[in-house]
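One structure is given below, encoded as structure tokens.
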Amino acid sequence: MARTADDETIELGFTGVGARGAGLARRCLTMEDVEIRAVCDVQDRRLDAVSERVTDEGRPAPNTYHDHQEMLAAEDLDGVVIATSWRFHLPMAIQALEAGVWPGLDVGPASSVEECWSLVDAAEASDARCMLLENGCFGRDRLSVLNMVRHGLFGEIVHVECGYCHDLRGRLNDVSGTSREDSARELSGGRYFRGIQHEKRNCDLYPTHGVGPLATCLDINRGNRFLSLTSTASKARGLADWGERHLPEDHPSRGLDWRHGDIITTVIRCANGETMTVTHDVSLPRPDNSKRFMVRGTRGMWQEEQDAVYIDEQSPDHEWEDFADYRDEYEHSLWDAYQETGVRGGHGGADYLVLRGFVEAIKQDVRPPIDVYDTAAWRAVSPLSEESIAQGSEPVAFPDFTNGRWMTDEPIFDPPAAADDDRVSFDSLLEGE
Ligand SMILES: NC(=O)c1ccc[n+]([C@@H]2O[C@H](COP(=O)([O-])OP(=O)(O)OC[C@H]3O[C@@H](n4cnc5c(N)ncnc54)[C@H](O)[C@@H]3O)[C@@H](O)[C@H]2O)c1
């Protein structure tokens, strides 16, 4: 829906107000230019909890719905934040676009490449635009690294690595006592939605936390693009082994034939010659939660797990340097301003920034920082890796969701070149409230 300059307040709906959706709604309650107009969830207790939180903050009670389409039809929303279980994200985003409402989708896999194309088609036919709420792209360190890449600190980028490495064996085995309740389970065949995907699919199920921040460094869809990938799955043993040791004999997760390999390794080739390794690792023991970021260029490298940088002919020979020393020097202007105005909670402050990106893009009616082409390309890693694994790690071509636009589009997350640029300005993210 076209907005006018007088429209000061953005009216948002929220579909899926579980752990994540409710958290994002709480972040929005700190924004004076956002009203939570409506919330939708299949579980009443989730609706009640969010409504109570909204009114506790002295805001008007949101209208509540059990059905996303019904909410879109009944309300005059500017945007809708979608944080349901994964398989509903893209269909719901398409419905929003068809209703002229901007969808902000939380992260997860696409179910199929066709679904990604349908999302792109719906966005191109709509006055509204779509944003992936990939908070990982807004983290302080990630934006400093982007700045280092832009300043040529690492020379020409040749190879990058990332992943989603987090021991989720308990959650994926669907141990009772988690916060997921019956009506949501019915939508996933009676099971926690992430667990059922691990039982039925063999692919990288959570690519965007790793791929997103590095795609910005490589200018994917803006002068570069993903060309093809190969993906390889190890055997699947971790979830069954954990279940045998921790679950009662009659637990529904005991004896499942898990298809999802414990370690999925995907290698993406880019049009400009770089390679990106993406690791999905959630069903074996590990003590930490890591994205395993690494950037390798002709002049240096960054390795997140060691929190270290090495710069050719600058760092002492054979010695890592502290990343923090470089981060301060290459602080992104957005984070300079954010630290002055006060960093707000949620993934180190990134949740607030990603939501501001969404809200400001709606207000200014310009392309959001992570647009529909990024959403399609990053989430398509899942079905493409599924196809490659099914074919014995054969290379699979990436569709060009931009239809050639990638060759001339401007880099993401850089200041717009002109005032009439059709991209959201980062300077406006903290000023707009
Ligand atoms: N960006 C991040 O850092 C981050 C962190 C955690 C979770 N997530 C993502 O957020 C999403 C939600 O995860 P969660 O942990 O909050 O799960 P959750 O199970 O706590 O919440 C999902 C909610 O969606 C509701 N729901 C499911 N299907 C629905 C439908 N068809 N219509 C209406 N409501 C529906 C459920 O009832 C539930 O309340 C997932 O995509 C997850 O990957 C992102």
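Atoms considered below: every heavy atom in the structure, side chains included; atoms not considered: hydrogens, waters and symmetry mates. Every number for a ligand or one of its atoms is a count from 1 in the order of the listing. Residues: numbered from 1 along the sequence shown.
Summarising the contacts of atom 33 (C) of ligand 1 with Val42, Asp351, Val50, Leu47, the nearest heavy atom is found in Val42. With distances taken over non-hydrogen atoms, the option nearest atom 12 (C) of ligand 1 out of Cys40, Ala83, Gly16, Ala350 is Ala83. Comparing Met71, Met92, Gln69, Arg20 by heavy-atom distance to atom 30 (C) of ligand 1, the nearest is Met92. When Val107, Thr15, Thr84 are ranked by how near their heavy atoms come to atom 24 (O) of ligand 1, first place goes to Thr84.
The side-chain hydrogen bond (donor to acceptor under 3.5 Å, both in side chains) search around Asp219 returns Arg150, not counting sequence neighbours.
Using bins of under 30°, 30° to 60° and over 60° for the plane-to-plane angle, the ring pair Tyr330/Tyr326 lands in the parallel bin. Using cut-offs of 30° and 60° on the angle between ring planes, the pair His280 and Tyr164 is parallel.
With a 4.0 Å heavy-atom cut-off, ligand 1 is reached by no atom of His68. When heavy-atom distances to ligand 1 are checked against a 4.0 Å cut-off, Asp41 comes that close through both its backbone and its side chain. Contacts between Glu134 and ligand 1, counted as non-hydrogen atom pairs separated by less than 4.0 Å, are absent for every part of the residue.
Of all atoms in ligand 1, numbered sequentially from 1 with element shown, those under 4.0 Å from a heavy atom of Trp86 are 40 (C), 41 (O), 42 (C), 43 (O). For ligand 1, the atoms sitting less than 4.0 Å from at least one non-hydrogen atom of His89 are 41 (O), numbered in the order shown with element in parentheses. Each of the atoms 3 (O) of ligand 1 lies under 4.0 Å from some heavy atom of His347. Counting atoms of ligand 1 from 1 in the listed order, those under 4.0 Å from a heavy atom of Gln43 are 36 (C), 37 (O), 38 (C), 39 (O). Heavy-atom proximity to Tyr206, at under 4.0 Å, picks out these atoms of ligand 1: 8 (N), 9 (C), 42 (C), 43 (O), 44 (C). Interface of Ser85 with ligand 1, defined as ligand atoms under 4.0 Å from a residue heavy atom, comprises 27 (C), 28 (N). Close approach to Phe88 involves these atoms of ligand 1, each under 4.0 Å from a residue heavy atom: 28 (N), 31 (N). Atoms of ligand 1 found under 4.0 Å from any heavy atom of Phe193, numbered from 1 in the order shown, are 13 (O), 17 (O), 19 (O).
Taking the six-membered ring wherever Trp is involved, the centroid distance between the rings of Trp302 and Phe154 does not fall below 6.0 Å.
Under the 4.5 Å side-chain criterion, counting only non-hydrogen atoms from C-beta, Leu119 is in contact with Leu97. Residues Met71 and Val80 form a side-chain contact, since some pair of their non-hydrogen atoms from C-beta on lies under 4.5 Å apart. Counting heavy atoms from C-beta on, the side chains of Cys270 and Ile220 come closer than 4.5 Å.
Nearest heavy atoms, Asp371 versus Thr375: O-OG1, 2.8 Å. Of all heavy-atom pairs between Ser382 and Ala110, the closest is CB-O, 4.0 Å.
Classification of Glu35 and Arg59 as a salt-bridged pair fails, no side-chain N sitting under 4.0 Å from a carboxylate O.
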